[in-house]
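To find a chain, count down the sequence lines: A is the first, B the second, and so on, and within it residues start at 1.
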2 protein chains.
Amino acid sequence: MTRYLITGAGGFVGRNLAGALLDRMTPGDELTLLDREVASPHPRARAVEGDLGEGAVLEAALAARPDVVFHLASVPGALAEREYALGRRVNVDATLNLFEGLADAARPPTLVYASSVAVYSALGTAPVDARTPLHPQLSYGTHKRMMELALEDFSRRGELRGVALRLPGIVARPGESSGFGSAFMSDVIRSLAAGKPYTCPVSPGGAAWWMSAPCAARNLLHAGELGTPGTWTLPALHLSVGQVVTALSTLFGDDRGALVTYQPDERIEALFGRYPPLHTPEAEALGFTHDGSARRLVRAALTAR
Amino acid sequence: MTRYLITGAGGFVGRNLAGALLDRMTPGDELTLLDREVASPHPRARAVEGDLGEGAVLEAALAARPDVVFHLASVPGALAEREYALGRRVNVDATLNLFEGLADAARPPTLVYASSVAVYSALGTAPVDARTPLHPQLSYGTHKRMMELALEDFSRRGELRGVALRLPGIVARPGESSGFGSAFMSDVIRSLAAGKPYTCPVSPGGAAWWMSAPCAARNLLHAGELGTPGTWTLPALHLSVGQVVTALSTLFGDDRGALVTYQPDERIEALFGRYPPLHTPEAEALGFTHDGSARRLVRAALTAR
C-alpha cells in the first residue's frame, strides 16, 4: 500500500502522470491530486484544490502522509521571468516548504522533483553530459537549480529520498500554450497533425531536446519506484524542428510539411532552438528512457491528455 | 560620495571590514552597520540593530539607499546544520529578501556576498580550480551555493552588480569560537601566540585554506570597488596545521610547538582538514590576494579585531 501525492496535478505533465499512475495503482494505494484546480477528479483520487504557497493547502496535502510525492507544481519559465515575485513564491518558497513539511515524516518519503534542462542554458555546440557546467540564463532555471541543491541536502540529511529529474521540452500540450517559450514544440505537432497551418518561431535546423508526455510520465513513475537519491538529466531525443516535421509528414501525409512557415525569433531560437547532442548514460543505466524515434515521439505526443 | 551597508557588521569578518572601511572612507561617504548587536558603533557610522529576517529591520537598512552592500550576515555552518530552520531563515530567506529589496534601486547597487568554500566539500586530492564540481556537504554550503546562483541571476537581470566571494577559513577569531567546525584554525593561532596549551582536533598534516581577517577585509573592499559581477573563490594559503605551528614557533619561540596536543576528530578532519591545493588565477587576475606566507598570515591574524 502506497500513498501518492502529485503537486501541479492539473498541469500538462501532472494530468498525464496522474492518468498513468491511476492505471497502475493497486487496491489500497491512495492518491492525492493537488493544484489550484483539479479538473474532473478521478473517483480513486482525493483532490486538494488551492495554492501550494498557502500554509493550509500544504497542510491538507501533507495530512495524507504521502510515501511518494511527485512535485510538479511550478510557475513556467517565461512567466517566472516576467513576474519574479510569483516565481520565487512558488518555485522557491513553496517548494522548500514542501520539502520541509515532508522531512518531518517517520520514514523518509520519496520526493520526485520535476527539474528542467533550463538549469543549463548558454550551451555551446559540444555534447552535454554530467560534466557540463550549469549556468541558468533565466530566473526559472536558476530556481530549479537552487531546488536541486536543496533536495540533495535533504537526501544527505536522511530526511527525504530526493530524485530530481531534469525534463526536456515535453510534448504535445493541447490547446493554447502560454508562459512557455518552448510552446512551439507542442504547437508544431498539434497544428500539423490537425492539418492546420503553423508559423514556427524557430528555423527548421533549430534543434531541441524532445520527450512525449507519456514518456515523461513513465520516467517520473520509474523515479518514484526507484527512490535512488540524486539529480539526473533525462534522456531525450535531440531533434531539429525539420526532423519533427518530417516525422509528421511521414505519419499524416507529405503535404503537412507545406503547412509550416518559418519566422525565426532570435530570442526563442537562442533559448530553445540550439541544443547540442545530449549524453545521459547514468540516467539510462538507471532505466530512464526517451521516446525511441521522432515518429514514436509524435505518435505518443498526440495521445497526451 | 558612496553609501555603504555592512550586514553582519558585528561578526568577526564584519568588524574587521568595518574598521578597514572606516579607515579609507572620504568625507561625504556614509556607512550603515547592521547586526543584532553593533558593539561600540563608530561616530561616522549609523547602526541598525535587529534581525535582518524582520521586515522592519531590512527596511531600516535599505532606507539609507546604499550603493555598495557587503552582505556578511549568516548563521555559521555547524549551527545551521543543527538548526535547519534558523539557517533557512537567515541564509536563504533574509538573503533573498535583501537582494530583492536592493533590486528596486534606480541604479543597480553593488552587492558583495560573503560566500564560502563550504560550497565545495567532498574534495579529493586533485587541485581545486574553476572546473571543480560543487557538492556541498552541509546545509550551510548548500545555501551558500543557492545564494550564489540567485545573485548571478540578479546580475543577469541587471538589478544588482553581484560579486560573490568564497571565503576560506578566516583567522584569528578572538575569544570563544562557537558554531564553527573550523574554529581550530583560529584557536591554534591565538593559544600558541598567548603561550597557552592547545588540543587540536586535526592532525599536524591536516591541510586547510587560510586567510587572515585583515586580508579578507581587503579582498571584500576590493570587490566593492571593482563591482565586476561574478562568483570567485578567493586565493588562500594552502597550509597544514603543522606549517602554521612552525610559523608560530618562528615568531614566538621554538617552545610554542610543544604546546599543541593532537587529538584528531575524524568528522572535523574530513570537513576542514583535507583541502587539496587551490588554483585561483581568475581571482588573482582581478586583484584578489592571499596573505603571502604562513608567517605573514599569523602576524596579520593576530591584529584581527
Side-chain angles (χ1 to χ4, degrees), chain A residues 53 77 80-89 91-104 115 118-122 129-160 162 164 229-231 271, chain B residues 53 77 80-89 91-104 115 118-122 129-160 162 164 229-231 271:
Chain A
E81 187 67 14
R82 266 198 321 274
E83 297 190 25
Y84 169 86
L86 175 64
R88 172 176 169 187
R89 198 169 67 84
N91 296 353
V92 178
D93 295 343
T95 295
L96 283 179
N97 291 344
L98 174 67
F99 294 173
E100 289 168 19
L102 290 163
D104 277 337
S115 186
V119 297
Y120 291 109
S121 290
D129 61 25
R131 292 181 305 275
T132 303
L134 306 174
H135 294 296
Q137 281 194 321
L138 292 173
S139 296
Y140 175 77
T142 300
H143 293 164
K144 287 288 181 190
R145 179 61 191 146
M146 285 164 60
M147 295 304 101
E148 289 178 357
L149 287 161
L151 187 57
E152 287 166 16
D153 191 48
F154 276 96
S155 297
R156 178 193 63 78
R157 294 175 74 96
E159 297 174 333
L160 290 176
T231 299
L271 281 168
Chain B
E81 187 67 14
R82 266 197 322 274
E83 297 190 26
Y84 169 87
L86 175 64
R88 172 177 169 186
R89 199 169 68 82
N91 297 353
V92 178
D93 296 343
T95 296
L96 283 180
N97 291 345
L98 174 66
F99 293 174
E100 290 168 18
L102 289 164
D104 277 338
S115 186
V119 298
Y120 292 109
S121 289
D129 60 24
R131 292 181 306 275
T132 302
L134 306 174
H135 294 295
Q137 281 193 321
L138 292 173
S139 296
Y140 175 77
T142 300
H143 292 164
K144 286 288 182 191
R145 179 59 190 147
M146 287 165 59
M147 294 305 100
E148 289 179 356
L149 286 162
L151 188 56
E152 288 168 14
D153 191 48
F154 276 96
S155 297
R156 179 193 61 78
R157 294 175 74 96
E159 296 174 334
L160 291 176
T231 300
L271 281 169

* Residue, of B:Met147, B:Arg145, B:Met146, that accumulates the most heavy atom pairs under 4.5 Å with chain A ->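 Most heavy-atom pairs within the cutoff with chain A belong to B:Met146.
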* Quick one: which of B:Arg131, B:Arg157, B:His143 has the most heavy-atom pairs under 4.5 Å with chain A, could you say? =>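 Sorted descending by pairs with chain A, the first entry is B:Arg157.
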* Asked: Where on B:Arg88 is there a heavy atom nearer than 4.5 Å to chain A: the side chain, the backbone, both, or neither?
  ->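 Side chain of B:Arg88 only, per the 4.5 Å heavy-atom cut-off to chain A.
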* Asked: Do you know the tightest heavy-atom contact between A:Leu149 and B:Pro136?
  ->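 Distance-wise, the nearest heavy atoms are CD2-CD, 4.4 Å.
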* To do: Check side chain to side chain donor-acceptor pair (under 3.5 Å) between B:Thr231 and all other residues, then give those that pass, not counting sequence neighbours.
  =>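 Partners of B:Thr231 by the side chain to side chain donor-acceptor pair (under 3.5 Å) criterion, ordered by chain and then number, come out as B:Glu152.
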* To do: Mind checking side chain to side chain contact (heavy atoms under 4.5 Å, CB included) for A:Leu271 and listing every partner two or more places apart, or none if nothing turns up?
  =>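 If we apply the side chain to side chain contact (heavy atoms under 4.5 Å, CB included) test to A:Leu271, skipping adjacent residues, the hits are A:Gln137, A:Leu138, A:Arg267.
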* Do the charged groups of B:Glu81 and A:Arg156 touch, with an N to O distance under 4.0 Å? ->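 A salt bridge links B:Glu81 with A:Arg156.
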